[in-house]
Amino acid sequence: TVARAALRPSDLFVQALRDDSNLEMDWLWLYTQVSSTAERRYCLDRALAIQPNMAEGLYNRGVALADLRRFELAVESYDRALILQPEMMAAIVNRAVALAAMQRYDDAVAGYDRAIAMQPSNVWALFHRGLAHRTAKSFSGAKFRLLEVEPHMLTSSAMGKTQRAVSELFSQSIAEA
């Protein structure tokens, strides 16, 4: 038998499938060891099948779903976690992030407001609330699509242009505020 620490995550995952543990803690531990988003989601789903009322598992499942860009399902997982632990700050903020990703900016702002009411100095919530509010205000009623750019795919000359554009955008936003 090879010690768990000596196995690569994919080997761990295969072994876990063979062992078919009925302990949610085994699956939660494995969740922290594997790197594939799909494997992580599977581990959380198994843990939640064993213990469905586990707020931390539901929250982490939401994170895994958001990583897969399954934002509606992520929001559902965060909602279930918040039923069990209504003041789970990470679930409140990540739920708002997922709502913003779905272009539901008013709902996202409401989520950030909830987080800020609980933790007025939560810089993450304050910053993202401002972004969601500004986006909602700038594009109210308009249909638009946000494009995601993979920075590693940009050439160095394009990267410089992108960095200048972002700097200009932020300087305009600050000046207008």
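It should be emphasised that the depicted structure is a prediction, and the values quoted were computed from it without experimental measurement. Keep in mind that the numbers below use all heavy atoms, side chains included, and drop hydrogens, waters and symmetry copies. Note that the numbering runs from 1 along the sequence shown for the chain.
- When atom types are taken as modelled, the side chain of Y59 and the backbone of A91 share no donor-acceptor pair closer than 3.5 angstrom.
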Derivation and outcome, side chain to side chain contact (heavy atoms under 4.5 Å, CB included), residues Y78 and V97: CA-CA 11 Å; Y78 296 136; V97 169; over 6 Å; no
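- With sequence neighbours excluded, the residues forming a side-chain contact (heavy atoms from CB on, under 4.5 Å) with R104 are L99, M102, D107, listed by chain and number.
- The environment of D113 atom CG is dense: over 12 non-hydrogen atoms of other residues, nucleotides or ligands sit within 6.0 angstrom.
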L28 vs M54, side chain to side chain contact (heavy atoms under 4.5 Å, CB included): CA-CA, chis, key distance, verdict: CA-CA 11 Å; L28 289 175; M54 186 174 30; 3.3 Å; yes
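- Sequence neighbours left out, the pairs with a member in residues 78-90 that pass salt bridge (charged side-chain N to carboxylate O under 4.0 Å, His left out) are D79-R95.
- The hydrophobic clustering, which links ILVMFWY residues whose side-chain heavy atoms are closer than 4.5 Å, places L82 and M89 together.
- The stretch residues 45-55 participates, sequence neighbours left out, in these salt bridge (charged side-chain N to carboxylate O under 4.0 Å, His left out) pairs: D20-R46, R41-D45, D45-R61.
- Hydrophobic cluster membership differs between V75 and V93, with clusters built from Ile, Leu, Val, Met, Phe, Trp and Tyr side chains linked at under 4.5 angstrom.
- Considering CE of M88 and CD1 of I92, their distance stands at 9.5 Å, rounded to 0.5 Å.
- Put simply, CD1 on I116 and CZ on R129 are 6.0 Å apart, with the number rounded to the nearest 0.5 Å.
- Separating the CD1 atom in I50 from the CG atom in D26 is a distance of 8.0 Å, to the nearest 0.5 Å.
- With rounding to the nearest 0.5 Å, the separation of CG in L65 from CZ in R40 is 12.0 Å.
- The two atoms that bring A108 and A96 nearest to each other are CB-O, 3.4 Å, heavy atoms only.
- Taking the six-membered ring for Trp and thresholds of 30 and 60 degrees, W27 and Y42 have ring planes more than 60 degrees apart, a perpendicular arrangement.
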Side chain to side chain contact (heavy atoms under 4.5 Å, CB included) between N53 and L48, intermediate numbers included: CA-CA 7 Å; N53 293 324; L48 289 166; over 6 Å; no
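- Under the 4.5 Å side-chain heavy-atom criterion for grouping Ile, Leu, Val, Met, Phe, Trp and Tyr, F71 is not connected to L131 through any hydrophobic cluster.
- Once rounded to the nearest 0.5 Å, the distance linking CG of L44 with CD of E56 reads 9.5 Å.
- Using a 4.5 Å cut-off between side-chain heavy atoms of Ile, Leu, Val, Met, Phe, Trp and Tyr, with links allowed through other members, V63 and L30 fall into different hydrophobic clusters.
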